[in-house]
Participant: 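Once you've had a glance at the structure underneath, I'll fire off some questions.
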Amino acid sequence: MERSQGEAKEPPNREGIAAIARCYQGFDPAMYLRYNYTPPRADFTRTDSIVPWKLACLHQAFTEGDMTGETLVDVGSGPTLYQVLSGCEVFGRVVLTDFLEANRRELQRWLAGEQGSFDWTPYLQHVCQLEGRSPSAWREKAARLRSVVTEVLPIDVHQPCPLPPGSLPASGADCLVSSFCLESVSPDVASFTAALRRMGSLLRPGGHVLLIGALGESYYMAAPNVRIPVVPLDEAQVCSSLKVSGLSLLRLCVYTLPPDMRVGVDDVSGIFFVKARKP
Ligand code: U87
């Protein structure tokens, strides 16, 4: 595999990347969802709660009229669906991806309507309201989401080809969304930037990237005794990594965690939302 244009100069930090991959073997989807996708972090009665802020950013980005094309890819979905609840109304094909079989299975369970899978109803209702629809339209949105999600694929952003060959149209995806993935799987800033550049290689020219991530975070708990290291980022680093990756920034929004959103499952201090475009 010849080194594609712009591949990182310094050799990849293979042992750092391998060490993080080993940590992820202890990732527990159910605990993870409880830590990050239940109140207070997912409290739809509060405008200063984390999830409503993320959903508002995604709604604006997907509905302001500059999104074109068929294929939306979510990079590092984890066991979560919130990141495509707005995009599924705009794109006819949605591809979910994750590194862990356990997370892909969790997604498949919800897509198959299996009893006991995570209840995304409050999320579906909230996004319906953002779209000016009645919350009772959540069933239509759930049906829409199930109709456009065509695949749940394995992905590794540290591989030259992150996705299985032939997964995407030759020209690439029309839009990428990725939330809290790259900084949570990279041992250092160089690996983060290299992963961002590789992610950009999945996108067609003119396509958009929506990136949500943690600021100032050095670890998070993926299960009671599973600590995952995270590369601490600040806004300046996010902007320079975008520039180095050939992605032009359209919008950067930052959320600072109120004290009661610091629930002891990580040391994140802020969250960034980026909308960028590939020239
Ligand atoms: C989410 N997108 O919850 N290549 O938004 C590709 C990989 C690799 C690899 C592991 C981290 C969560 C961050 C989902 C899941 C994101 N996952 C996969 C967490 C940390 C801040 C915070 C968090 C969550 C891996 C919510 C909130 C906050 C995971 C995903 C990272 N603390 N993907 N080589 N290795 N992954 O299986 O599913 O990345 Cl509100 Cl504040």
Side-chain angles (χ1 to χ4, degrees), residues 12-14 16-29 31-43 48-55 57-58 73-85 96-107 118 120 123 152-163 176-187 191-192 194-196 198-199 202 210-223 226-233 254-258 261-273:
N13 173 350
R14 292 195 195 297
I17 288 167
I20 290 180
R22 283 193 296 278
C23 293
Y24 269 99
Q25 297 322 306
F27 188 102
D28 176 332
M31 294 305 291
Y32 173 78
L33 288 165
R34 187 182 311 168
Y35 293 161
N36 296 291
Y37 295 99
T38 59
R41 290 185 166 192
D43 182 341
D48 67 343
S49 177
I50 294 178
V51 168
W53 181 83
K54 293 193 282 186
L55 294 177
C57 292
L58 289 163
V73 175
D74 178 30
V75 174
S77 308
T80 70
L81 289 164
Y82 71 89
Q83 55 273 37
V84 296
L85 295 182
L96 302 176
T97 70
D98 200 69
F99 182 72
L100 297 174
E101 167 59 25
N103 284 332
R104 298 194 300 269
R105 215 178 17 255
E106 187 67 31
L107 294 170
F118 187 79
W120 293 103
Y123 292 72
V152 181
L153 298 177
I155 192 167
D156 183 348
V157 293
H158 298 306
Q159 296 306 317
C161 296
L163 285 171
L176 300 175
V177 61
S178 185
S179 57
F180 294 115
C181 180
L182 303 185
E183 74 279 4
S184 304
V185 306
S186 301
S191 307
F192 169 83
L196 181 60
R198 227 171 274 112
M199 193 175 99
L202 300 173
L210 304 181
L211 200 59
I212 294 174
L215 296 172
E217 185 177 39
S218 68
Y219 81 92
Y220 78 94
M221 303 307 293
V226 176
R227 183 188 173 101
I228 307 261
V230 176
V231 56
L233 300 174
V254 172
Y255 166 99
T256 301
L257 269 74
M261 293 298 154
R262 299 170 191 251
V263 292
V265 295
D266 52 45
D267 62 351
V268 61
S269 57
I271 299 173
F272 67 84
F273 178 87

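As the structure lists them, so they are numbered: ligands from 1, and atoms in each ligand from 1. Numbering of residues begins at 1 and proceeds along the displayed sequence. Computed from a prediction, not measured in an experiment: that's the story for all the values here.
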Participant: Can you tell me which residue and heavy atom of the protein come closest to atom 41 (Cl) of ligand 1, and the distance to 0.1 Å?
Facilitator: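 Heavy-atom neighbour on the protein nearest atom 41 (Cl) of ligand 1: Arg41 NH1, 3.5 Å.
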
Participant: Below 30° counts as parallel, above 60° as perpendicular, anything between as tilted: where do the rings of Trp53 and Tyr255 land?
Facilitator: tilted

Participant: What is the closest protein heavy atom to atom 26 (C) of ligand 1, and at what distance does it sit?
Facilitator: Tyr37 OH, 3.4 Å

Participant: Rounded to the nearest 0.5 Å, what's the gap from OG on Ser184 to OH on Tyr219? Could you check?
Facilitator: 13.0 Å

Participant: Are the side chain of Ser269 and the backbone N or O of Leu215 linked by a donor-acceptor pair below 3.5 Å?
Facilitator: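 Between the backbone of Leu215 and the side chain of Ser269 there is a qualifying donor-acceptor contact (under 3.5 Å).
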
Participant: Using a strict 4.0 Å cut-off to heavy atoms of Ser179, name the atoms of ligand 1 that fall inside it.
Facilitator: 1 (C), 2 (N), 5 (O), 14 (C), 16 (C)

Participant: In Å and rounded to the nearest 0.5 Å, what is the CG to SG distance from Asp98 to Cys181?
Facilitator: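 Taking CG in Asp98 and SG in Cys181, the distance rounds to 7.0 Å.
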
Participant: Applying side chain to side chain contact (heavy atoms under 4.5 Å, CB included) between Thr97 and each of Asp74, Leu163, Val157, Leu202, report the one that passes.
Facilitator: Leu163

Participant: Note the single closest protein heavy atom to atom 12 (C) of ligand 1, along with its residue, its atom name and the distance in Å.
Facilitator: Tyr32 OH, 2.9 Å

Participant: Tell me whether Arg262 at atom CZ has more than 12 heavy atoms from other residues, nucleotides or ligands lying less than 6.0 Å away.
Facilitator: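 For Arg262, atom CZ is crowded (more than 12 foreign heavy atoms under 6.0 Å).
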
Participant: Among the heavy atoms of Tyr35, does any lie under 4.0 Å from an atom of ligand 1?
Facilitator: no

Participant: Provide, to 0.1 Å, the distance between atom 11 (C) of ligand 1 and the closest protein heavy atom, together with that atom's residue and name.
Facilitator: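 The protein heavy atom lying closest is Phe180 O, 3.1 Å.
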
Participant: Any nitrogen or oxygen of Tyr82 lying under 3.5 Å from a nitrogen or oxygen in ligand 1? Just yes or no.
Facilitator: yes

Participant: Measure the distance from atom 38 (O) of ligand 1 to every protein heavy atom, then report the residue, atom name and distance (to 0.1 Å) of the closest one.
Facilitator: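 Here the nearest protein heavy atom works out to Asp98 OD1, 2.8 Å.
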
Participant: To check your reading of the model: name the closest protein heavy atom to atom 35 (N) of ligand 1, its residue, and the distance in Å.
Facilitator: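 Among all protein heavy atoms, the one nearest atom 35 (N) of ligand 1 is Val185 CG1, 3.3 Å.
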
Participant: How are the rings of Tyr123 and Tyr82 set relative to one another: parallel (under 30°), tilted (30 to 60°) or perpendicular (over 60°)?
Facilitator: tilted

Participant: Does Met261 have a non-hydrogen atom less than 4.0 Å from ligand 1?
Facilitator: no

Participant: Looking only at heavy atoms, is any part of Ser178 under 4.0 Å from ligand 1, and if so is it the side chain, the backbone, or both, or is it neither?
Facilitator: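 Near ligand 1, Ser178 shows nothing, with every heavy atom at 4.0 Å or more.
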
Participant: To the nearest 0.5 Å, how far apart are CD1 in Ile17 and CD in Gln159?
Facilitator: 8.5 Å

Participant: Starting from atom 33 (N) of ligand 1, find the nearest protein heavy-atom neighbour and note its residue, name and distance.
Facilitator: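 Answer, as residue, atom name and distance: Cys181 SG, 3.5 Å.
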
Participant: What is the nearest protein non-hydrogen atom to atom 32 (N) of ligand 1, stated with its residue, atom name and distance?
Facilitator: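 Scanning the protein heavy atoms, the shortest distance from atom 32 (N) of ligand 1 goes to Glu217 OE2, 2.6 Å.
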
Participant: Find all atoms of ligand 1 within a distance of less than 4.0 Å from any non-hydrogen atom belonging to Leu100, and give their numbers and elements.
Facilitator: 37 (O)

Participant: Regarding Ser218 and Asp267, is there a side-chain donor-to-acceptor distance under 3.5 Å anywhere?
Facilitator: yes

